[in-house]
Amino acid sequence: MEILNQFGINPLLLAAQVVNFFLLLFILKRFLYKPILKVLEERKKKIEESLRNTEEIEKRLSETNEKIEVMISRASDEAQKIIDESKKERVLYLEETKEKADKMAQEIIKKGQEAVQAESVRMEQEVMSKVAEVVVSAMEKVTGKVLNKKDQKEIIEKEVKNLS
Amino acid sequence: MENAIVLPPEILGYFKNFPITNTLLVSWITMAVLIIISVLATWKVRLVPSGLQNLFEMIIDFGHTTVSDLAGDKKAKVFFPIVMTFFLFILFSNWIGLLPGFATIKFHGEPLLRSMNSDLNMTLALALISAILTHIFALRYLGLLEYLKKWFTLNPIFLFVGILELVGEFTKIVSLSFRLFGNIFAGEVVLATISGIFAFIVPLPFYFLEIIVGFVQAAVFMMLTLVFMVLLSEKHAEEH
């Protein structure tokens, strides 16, 4: 054990260093390792959680986007349908109205024509009766009397004799 | 610098019968510095780290991943504080030993401060702790029977191997303590010699070298302790 003496090995010093080490171990464990490892663990958990949250949010966002797209396409389809229908209806309505108007116009024209015809017939009759009156009154003035049937016959026969 | 090479630590004084050496004093200083820094770092632990907390988080996170990769999560809980304390204690003492004032400030004719690990007492104590804890963990995780099976089997060849390994356990203590002691002591001697030749600028590269050596030795001590702990607390691979 001469070599140990040469290096100055002293059991008391060894014991002191052992005590030093364990003291340091205890203190560092309490004040350094525990809090730091705890905070590291906490941060790890938090990061994991937030990553998971991000994934979920992204998933939900894409889902919502899909839904919105579907809704928009459906709405535009519907709008197109409505527009088409209204166009068709307009055409139909226009035709109908045109037909109705045509019919009405024709009726009016017909009625007007009828009215004109009736008027003209009535006018003719009136004129005829007026003419007859005038002829009768002129004949009266010429012959001095009103010709009856017998007179007429006589005149006609006289005239016929003159002719022959 | 008339006698730069002194193997035993200088004794500064006695507390009753207890010799207080300059290396022991530095050991206490290192402890105090480490404790103060760690308390400052975790004074207000925040989820968003900054400054000292950030630095120590990096160190501890690296250490913890290394330990759990090698030992598994369950054993890492027990191994990590010990291994990490070895690393921090040795690293800080090595680096503190490089500060100015070491070996130059005299107290009753003896240097007041001397790098902690340039004293075999200190390194041997650390190596003994490492070895004894390794065996305690092996006993705890394997049980007495499995533990003894590591060294003694009925198969004569493996019995011989087991005895060799038993000798190897003592070699571990010697190699751990002398590696650390040799590196740091040699560094001290080199720095003293170079400073004796020319005190300006020339020692600078050696100081850089010593910074690296200080880190590497701390890492080596830590990794070896970790590996010994993991190997010894695992069941014997080949069971015939």
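We name chains A, B, ... by the order of the sequence lines, and we start the count at 1 in each one.
- No hydrogens or angles considered: a donor-acceptor pair under 3.5 Å links the side chains of B/T85 and A/Y33.
- B/F178 CZ to A/F7 CZ: the interatomic distance, rounded to the nearest 0.5 Å, is 4.0 Å.
- Note that CG of A/L12 and CD1 of B/I20 are 11.0 Å apart. Values are rounded to the nearest 0.5 Å.
- A donor-acceptor contact shorter than 3.5 Å is absent between the side chain of B/T42 and the backbone of A/P35.
- With a threshold of 4.5 angstrom between heavy atoms, B/I129 approaches chain A through side-chain atoms but not through N, CA, C or O.
- The heavy-atom pair separating B/L24 from A/A16 by the smallest distance is CD1-CB, 3.9 Å.
- For CZ of A/F26, the number of neighbouring non-hydrogen atoms (other residues, nucleotides, ligands) closer than 6.0 Å is 12 at most.
- With a threshold of 4.5 angstrom between heavy atoms, B/F181 approaches chain A through side-chain atoms but not through N, CA, C or O.
- A/L13 approaches B/P19 most closely through the heavy-atom pair CD2-O, 3.6 Å.
- By the neighbour-count criterion of 12 heavy atoms within 6.0 Å, atom CZ of B/F215 is sparsely surrounded, having that number or fewer from other residues, nucleotides or ligands.
- Between atom CZ of residue A/R30 and atom CD1 of residue B/I35 there is a gap of 13.0 Å, rounded to the nearest 0.5 Å.
- Crowding of B/K75 atom NZ: a count of heavy atoms from other residues, nucleotides or ligands under 6.0 Å exceeding 12.
- In this pair, B/F89 and A/F21 present their aromatic rings tilted. The plane angle is within the 30 to 60° band.
- Proximity to chain B (any heavy atom under 4.5 Å) is restricted, for A/K46, to the side chain, taken from C-beta onward.
- Interface summary for chain B: among A/L24, A/V39, A/L37, A/N10, the most heavy-atom pairs under 4.5 angstrom belong to A/L24.
- Put simply, CD on A/Q17 and CG on B/L126 are 5.0 Å apart, with the number rounded to the nearest 0.5 Å.
- B/L88 touches chain A through its side chain: at least one heavy atom from C-beta onward sits under 4.5 Å away, while N, CA, C and O do not.
- For the atom pair A/L32 CG and B/L40 CG, the distance stands at 11.5 Å (nearest 0.5 Å).
- The greatest number of non-hydrogen atom pairs below 4.5 Å with chain B, out of A/L28, A/I36, A/I27, A/L23, is found for A/I36.
- No more than 12 heavy-atom neighbours from other residues, nucleotides or ligands sit within 6.0 angstrom of CD on A/Q117.
- Other residues, nucleotides and ligands place more than 12 heavy atoms under 6.0 Å from the NZ atom of B/K106.
- Atoms CD1 and CG, from A/I9 and B/N121 in turn, are 4.0 Å apart once rounded to the nearest 0.5 Å.
- Counting heavy-atom pairs closer than 4.5 Å to chain A, the top-ranked of the candidates B/M116, B/M84, B/Q53 is B/M84.
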